[in-house]
Amino acid sequence: MYIDTEALNGLRGLLTAGIVTPMTQPPHAAALVPDRSGRRVLMARQPDGRLALPSAQCEEDTDLTGKVVQALRRRWGIVAPFLRSPAKTRRGHAPALWLCAYEPAHGKPPQGLEWADIDLVAAQTGLPDELAAAAAAWRDEQRSGETPPRRAPWARLGWFDTMRAWVTQQLEQRGIDTVAEPEILQQWGISAVYRQATSRGDYYFKAVFGSPGRGFWHEPKVTLALADAHGARVTPVAAIDSDRGWMLMPDMGLAKCLSEADEAAQVSGLVDLARIQREWMSRTGELESLGCPDRSPHALRRRLPELIDDALHRIGLTEEESAQLRSHTQRLYETCDRASGDPIPLTLMHGDFHTGNVGVRADGTVCIFDWSDATVGHPFWDTDIYLKTAKPQAGDRLRDAYLQSWSDYASRPVLRQSFDDALVLAAVNQVISYAAIVAELEDSDRTFSNGKQHWWRQALEAMRRQAW
C-alpha cells in the first residue's frame, strides 16, 4: 500500500495515541464533541488506560463529509449535528485524516465514551502538528464561546434545527411527509447538502455560502430560473429561500454521472450546454439581475493587472513560472482583446462545468446541475474543465461537436481560434473565482487556499501547449 509523506505524518500521531491501529487504510476521522459548558469533550478510553478522541475509519476514500459522519455514527453512536471539519490531512488528492466538530451534546455519553477535560484534546491525543493546532483552536473557541464572523451559517449552533424546520414546512405545504431525519451528504466552507427521505421519494436541500452579491448567493435564484426555462435538462427546484441562500430539490432521477458514461453521452452533455447557452444569449440582463457576476473578456482584461501582480508576488509560483508569466503578459492582454471582439455573444456560463456535474438518466437524457459558479461570460470558457474530466481520447471529437453548435456565428478557423484562446482565459477566470471564494471563507478554512496557484499553472500549461 502506497502512502505519501503527508499521509504518513498524519497517521503517525494517531498510531502513537492508539486511535489508529497499524496497517489500517485511511481515511480516518476523529470526532470533537463538547458538552454545553465547553469544558468537557467526549473521549474514548484506550486499552492502556489513556484517553483519545473517538475515531472511525471510512469504508472508502471520499471527500464527502456524509461518509465520514456516518462512519463515526456507526462506530460510536454520535448523533449530534455536524458543524464543520476544522482541519484534515491528505494523501495526494484524497483525505487521510479528518477532524470533525459537532454541536454540543449532553446527558450520558454513548457506550465506550466518557466526558473528559477539554484540555486533553490538545494535550493527550497525539494528533499530528497541523491537526493538533486546529484542535487547540477549537478548544479555545469552545471556552470563549466566540465564533469567527465569516463562519458559515451551517457551522453555527442551531442552524440544523432551523434548516430541518424549513424543509419540513416546505414539504408539508406540498402534501409531502418526511419519514426520517435529514441526512448530511456534504458540508464544507462553501455549501451544505442534505438528503431528506419523504413519502414521495428523496428530496435534497442545499445551502450556499456568501451574502447578497458575493459568493454563491445567486445559485438558488439562478437554478430556479433555469428549471423554469429548461425543465428536465437542469436541476429541478421545489422551493428556494433567496434571503438565506437555500433551495430544496426533488430527486433528479439520475442513474450515473457523465464521468462514468461513454463518449456519446459525454458529447450529449457538452452539446446540451451549448443549447442552453444559446437560449440565454438575449437574456444576459436577466442573469445579471439574478446575481450572476460579469466574467466577460472585457471584465477579465480590466482585472489582469491585479491578477498578474498577485501571481508574481504573492501566490507562490516558482521562479521559472513567474518568468514564463512575465514573458506572456502582453499576449494575455491581446488574447483578452481578441476574445472581446470575437463574434460569439456573451451568455450564461456554468462556471464549474465538469463531467461530475452532469448526470445521465436511465433513458439516456442528461441533466446539468450545481450552478453555484454561474456567471455571464464567454460560453467557450466552460469547455476547459469538461475536456479535462472527459474521456481523454475523445477530446477532439468533443471540441468539434461543441463548436458545431456555434457554426452559424463564425467560420471554422475563427471558432478554433476562439476555442484555443478560451483554454487560457478560462483558467485565468478560475483564478478570479477562487479569489472570490477565499475572500468569503473564514481564515482557518484553507480548502481553497491553493486554488489561484493551481489555476495560474493551468493557464501557463495551456500557453505552453499552444506554443506561446
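Keep in mind that the numbers below use all heavy atoms, side chains included, and drop hydrogens, waters and symmetry copies.
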### CG/Asp363: more than 12 non-hydrogen atoms of other groups inside 6.0 Å
yes
Subject >> Side chain to side chain, His354 and Tyr386, heavy atoms closer than 4.5 Å >> reply: no
Please report the C-alpha distance between Arg397 and Asp400 in whole Å, then the side-chain angles of each, then the deciding distance to 0.1 Å, and finally whether the salt bridge (Lys or Arg N to Asp or Glu O under 4.0 Å) criterion is met.
CA-CA 5 Å; Arg397 291 186 290 275; Asp400 293 345; over 6 Å; no
Side chains of Leu348 and Arg283: closer than 4.5 Å at any heavy-atom pair?
-> no
Smallest heavy-atom separation, Cys257 atom then Thr355 atom, equals CB-O, 3.9 Å
Carboxylate-amine/guanidinium proximity below 4.0 Å for Glu306 and Arg303:
yes
Here the pair of heavy atoms bringing Arg156 nearest to Pro148 is NH2-O, 3.1 Å
Query raised in the report: Got Leu290 and His218 here, is their nearest side-chain heavy-atom distance under 4.5 Å?
Result: no
- Query: Where the side chain of Ser85 meets the backbone of Leu99, is there a donor-acceptor pair that is under 3.5 Å apart?
  - Reply: yes
For Phe380 and Ser418, the nearest pair of non-hydrogen atoms, with its separation, is CD2-OG, 3.5 Å
Note to self: Quick one, Thr347 and Pro345 - any side-chain contact, counting heavy atoms below 4.5 Å?
What the structure shows: no
Inset, instruction - Verify the distance criterion only: is there a donor paired with an acceptor across the side chains of Gln170 and Asp241 at less than 3.5 Å? - result: no
Modelled atom types, side-chain donor and acceptor of Gln417 and Asp421, under 3.5 Å: yes
- State, with a plain yes or no, whether a side-chain heavy atom of Pro27 is found less than 4.5 Å away from one of Val68. no
Nearest heavy-atom contact between Trp217 and Ser242 is NE1-O, 3.1 Å
Exercise. Does the ring center of Trp371 lie less than 6.0 Å from the ring center of His350?
Worked result: yes
| task | Say whether Glu183 and Gln70, considering side chains only, have a donor N or O and an acceptor N or O under 3.5 Å apart. | result | yes
- Indicate, with yes or no, if the rings of Phe448 and Trp188 have centres closer together than 6.0 Å. yes
Output for pair (Leu72 CG, Cys58 SG), nearest 0.5 Å, gives 7.5 Å
Check whether more than 12 heavy atoms from other residues, nucleotides or ligands sit under 6.0 Å from atom CZ of Arg338, and answer yes or no. yes
Open item on the list: Looking only at the side chains, is there a donor atom on one of Glu60 and Thr62 sitting less than 3.5 Å from an acceptor on the other?
Closed with: no
Interatomic distance, SG@Cys336 vs CG@Leu425, rounded to 0.5 Å, equals 5.0 Å
**Prompt:** For Leu325, does its backbone N or O pair with a side-chain atom of Thr329 as donor and acceptor, under 3.5 Å?
**Reply:** yes
* To do: Check whether any side-chain heavy atom of Asp309 lies under 4.5 Å from a side-chain heavy atom of Arg314, and answer yes or no.
  => yes
Which of Gln169, Gln196, Glu181 passes side chain to side chain donor-acceptor pair (under 3.5 Å) with Arg164? It is Glu181
Checklist entry - Under 3.5 Å, side chain of Arg361 to main-chain N/O of Ala232, donor-acceptor pair present? => result yes
request  = Answer yes or no: does atom CD of Gln330 have more than 12 heavy-atom neighbours from other residues, nucleotides or ligands under 6.0 Å?
outcome  = yes
Rounded to the nearest 0.5 Å, the CD atom of Gln277 sits from the CG atom of Asp382 at a distance of 5.0 Å
Between the main-chain N or O of Ala238 and the side-chain N or O of Arg174, is there a donor-acceptor pair closer than 3.5 Å?
yes
For Ser211 and Glu440 the tightest heavy-atom approach is OG-OE1, 4.2 Å
| Does any non-hydrogen side-chain atom of Glu141 lie less than 4.5 Å from one of Arg151? | yes
Worksheet item: Is the shortest distance from a Lys or Arg side-chain nitrogen in Asp373 or Arg295 to a carboxylate oxygen in the other one below 4.0 Å?
Response: no
Between the CD atom in Gln453 and the CG atom in Asp310, the distance rounded to the nearest 0.5 Å is 11.0 Å
(message) Determine whether Asp384 and Gln430 satisfy the following criterion, side chain to side chain donor-acceptor pair (under 3.5 Å), listing intermediate values before the conclusion.
(response) CA-CA 10 Å; Asp384 179 42; Gln430 290 293 336; over 6 Å; no
inquiry  = For His378 and Trp381, take the angle between the two ring planes, folded into 0 to 90°, and tell me which bin it lands in: parallel under 30, tilted 30 to 60, perpendicular over 60.
reply    = parallel
**Asked** Would you find a donor on one side and an acceptor on the other, under 3.5 Å apart, between the side chain of Glu321 and the backbone of Thr318?
**Response** yes
**Prompt:** Within a reach of under 6.0 Å around NZ of Lys388, are more than 12 heavy atoms found that belong to other residues, nucleotides or ligands?
**Reply:** yes
request  = Return the orientation label for the Tyr434 and Trp455 ring planes: parallel under 30°, perpendicular over 60°, tilted otherwise.
outcome  = tilted
#### Entry: Backbone of Leu157 reached by a side-chain donor or acceptor of Glu103 within 3.5 Å
no
Task: Note, Pro86 side chain near Leu32 side chain (heavy atom, < 4.5 Å) - done: yes
Practice problem: Classify the side-chain pair Gln187/Tyr194 by whether it contains a donor and acceptor separated by less than 3.5 Å. | Solution: yes
In terms of heavy-atom contacts, Ala459 and Val424 come closest through CB-O, 4.1 Å
Open item on the list: Heavy-atom count check: over 12 atoms from other residues, nucleotides or ligands less than 6.0 Å from Glu319 CD?
Closed with: no
- request: State whether the side chain of Glu442 and the backbone N or O of Ala152 hold a donor-acceptor pair below 3.5 Å, judged by distance alone.
  value: no
Task: Note: Asp420-Arg465 ion pair, threshold 4.0 Å (strictly below) - done: no
Tell me whether the centres of the aromatic rings in Phe160 and Phe82 are closer together than 6.0 Å.
no
dist Thr65:OG1 -> Arg84:CZ (nearest 0.5 Å) comes out at 13.0 Å
- request: Please check if any side-chain donor atom of Ser372 sits under 3.5 Å from a side-chain acceptor atom of Lys206, or the reverse.
  value: yes
*Got a sec: does the CD of Glu59 have more than 12 other heavy atoms crowding it under 6.0 Å?*
no
Say whether, by atom type as modelled, one donor and one acceptor occur between the side chain of Glu219 and the main chain of Val208 under 3.5 angstrom.
-> no
